[in-house]
Chemist: 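Please read through the structure below; I'll follow up with questions.
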Amino acid sequence: MLVIFGAWLICRHLAKSPVFVELKNSTDAEHAESAPIVEAFKYGWKSIFMVAVMNWGPNTNSYTVQTFFVTFVTAYVVLPGTSEFFPRSTITVIQLIGAIVGMISAFTWGFLSDRFGRKPIYLLIAGLGIVMPIVYFTLLNTGLTVLVGLAVVLGYIFAAYGNDGVQMAYFPELFGTRYRYAGVTIAHELSSLIGGGIAPFICSWLLLQFGTWIPIAIYMSFTMICTVIASIMVPETVDRDLTIATDAVPGQARTAS
């Protein structure tokens, strides 16, 4: 409830972008869409599909880091020199530390995307995401607190908050102002459903079936490969001018100079 109240309070005092306010106040008939979801699918279905795939890998990897890592170390990883599993109390503290570091990294990734472009930073994080699952599980499997902590922190920096730090600007810019709310919402929630929503269950099933983390790492890497492919196919948007009609058509953002 406290988080919800905080979000409500921020939204009440958060100013809308000038372009969006101008569009909302326009009396032009073409701006008076009564079915934004239908219009978003009609004019921006390509962007919806691309954004959904772009978020599939990050969302899958994020939920795996934030939820399945706890299950993995407490039910599979044994402390060195003992027969005891990694303590839940320890991994909980590590997760908290990872989340704090991850939040800071999100701002950093966002700043870098402003400086060097959305696309190259997004591709950098997604590309690293292909190989990082091997790093995560290799460190987790040691059972050493320091290395488990390193795995979780890296997971939050790259998997949980890495692409998210760029998405907040990149995804809306891939849609026209008129359809950005509906378009981004549909794409994001669709990818969350097929990605993070089922990722912990798939990871648990793979661990039970094969008894090793390797298939899980392959699954995580595959989703990131798909994200990289989709990210290559979309344009750069960092210099996009939403006041230009031809520059605000869904999926038609010009390449930044």
Side-chain angles (χ1 to χ4, degrees), residues 52-102 105-106 109 122-164 190-232:
V53 179
M54 288 173 68
N55 188 52
W56 181 36
N59 203 264
T60 298
N61 282 254
S62 175
Y63 273 69
T64 302
V65 169
Q66 296 184 68
T67 61
F68 180 73
F69 275 14
V70 176
T71 301
F72 179 77
V73 298
T74 57
Y76 183 82
V77 177
V78 177
L79 292 173
T82 72
S83 58
E84 299 179 0
F85 289 116
F86 199 87
R88 181 172 293 273
S89 58
T90 304
I91 189 61
T92 301
V93 173
I94 290 174
Q95 285 278 346
L96 176 60
I97 295 172
I100 294 173
V101 175
S105 73
W109 290 122
Y122 202 85
L123 280 171
L124 171 64
I125 303 169
L128 289 172
I130 296 175
V131 298
M132 287 304 292
I134 299 175
V135 177
Y136 301 149
F137 284 104
T138 299
L139 294 173
L140 291 174
N141 213 40
T142 64
L144 298 173
T145 302
V146 173
L147 296 184
V148 170
L150 178 60
V152 172
V153 169
L154 289 175
Y156 272 93
I157 292 174
F158 292 102
Y161 287 96
N163 289 109
D164 275 358
L190 178 62
S191 58
S192 297
L193 177 64
I194 64 176
I198 62 174
F201 299 102
I202 292 178
C203 291
S204 297
W205 180 83
L206 289 172
L207 185 61
L208 288 173
Q209 291 297 311
F210 298 96
T212 176
W213 55 264
I214 295 176
I216 302 172
I218 293 174
Y219 163 61
M220 295 172 66
S221 296
F222 173 75
T223 62
M224 292 305 295
I225 290 173
C226 294
T227 289
V228 167
I229 294 173
S231 301
I232 291 174

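Any value given below was found using the heavy atoms of this structure, including those in side chains, with hydrogens, waters and symmetry copies removed.
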Chemist: Could you state the interatomic distance from CG (L139) to CG (L150), rounded to the nearest 0.5 Å?
Modeler: 5.0 Å
Chemist: So which heavy atom on F86 is nearest to which on L144, and how close?
Modeler: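 Shortest heavy-atom contact: CE1-C, 4.5 Å.
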Chemist: Report the distance from atom CG of L124 to atom CG of N163, rounding to the nearest 0.5 Å.
Modeler: 9.5 Å
Chemist: Let me have the donor-acceptor pairs involving side chains of residues 66-80, under 3.5 Å, with sequence neighbours excluded, atom names and distances please.
Modeler:
from : atom 1 : to   : atom 2 : distance (Å)
Q66  : NE2    : S62  : OG     : 2.7
T67  : OG1    : Y63  : O      : 2.5
T74  : OG1    : V70  : O      : 2.6
T74  : OG1    : T71  : O      : 3.4
Y76  : OH     : G211 : O      : 2.9

Chemist: I94 versus T145: any side-chain heavy-atom pair under 4.5 Å?
Modeler: yes
Chemist: Using side-chain heavy atoms (C-beta onward) and a distance below 4.5 Å, is T60 in contact with Y219?
Modeler: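 Counting from C-beta outward, T60 and Y219 do come under 4.5 Å.
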Chemist: For V65 versus A159, what's the shortest heavy-atom pair and its separation?
Modeler: CG2-CB, 3.7 Å
Chemist: Hey, what do you get for CD1 (I218) to CH2 (W213), rounding to the nearest 0.5 Å?
Modeler: 9.0 Å
Chemist: For the side chain to side chain contact (heavy atoms under 4.5 Å, CB included) test, which of V101, I100, V148 pairs with V153?
Modeler: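 It is V101, the one option of V101, I100, V148 that forms the side chain to side chain contact (heavy atoms under 4.5 Å, CB included) with V153.
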Chemist: At their closest point, which heavy atom of M220 faces which heavy atom of P133, and how far apart are they?
Modeler: CB-CG, 3.7 Å
Chemist: Would you indicate whether the side-chain heavy atoms of P58 and M224 approach each other to under 4.5 Å?
Modeler: yes
Chemist: Rounded to the nearest 0.5 Å, what separation is found between the CD1 atom of I229 and the CD1 atom of I232?
Modeler: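 So the CD1 of I229 and the CD1 of I232 are separated by 7.0 Å.
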Chemist: Where does the angle between the aromatic ring planes of W109 and F158 fall among parallel (under 30°), tilted (30 to 60°) and perpendicular (over 60°)?
Modeler: tilted
Chemist: Would you find a donor on one side and an acceptor on the other, under 3.5 Å apart, between the side chain of T227 and the backbone of V53?
Modeler: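 Between the backbone of V53 and the side chain of T227 there is a qualifying donor-acceptor contact (under 3.5 Å).
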Chemist: To check you understand the geometry: which heavy-atom pair defines the closest contact between S231 and L123, and what is its length?
Modeler: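 Reported closest heavy-atom pair: CB-CD2, 3.5 Å.
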Chemist: Please report, to 0.1 Å, the donor-acceptor pairs under 3.5 Å made by any side chain of residues 190-206, with sequence neighbours excluded.
Modeler:
from : atom 1 : to   : atom 2 : distance (Å)
S191 : OG     : N55  : ND2    : 2.6
S191 : OG     : A187 : O      : 3.1
S191 : OG     : H188 : O      : 2.8
S192 : OG     : N59  : ND2    : 3.4
S192 : OG     : H188 : O      : 2.8
S204 : OG     : P200 : O      : 2.9

Chemist: Considering all heavy atoms of both residues, which atom of I134 and which atom of A217 are nearest to each other, and what is their separation?
Modeler: N-CB, 4.4 Å
Chemist: Between CG of L207 and CD1 of I214, what distance do you get to the nearest 0.5 Å?
Modeler: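 It is 11.5 Å, given to the nearest 0.5 Å.
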Chemist: Please round to the nearest 0.5 Å and tell me the distance separating atom CG of L96 and atom OH of Y156.
Modeler: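 Between L96 CG and Y156 OH, I get 8.5 Å after rounding to 0.5 Å.
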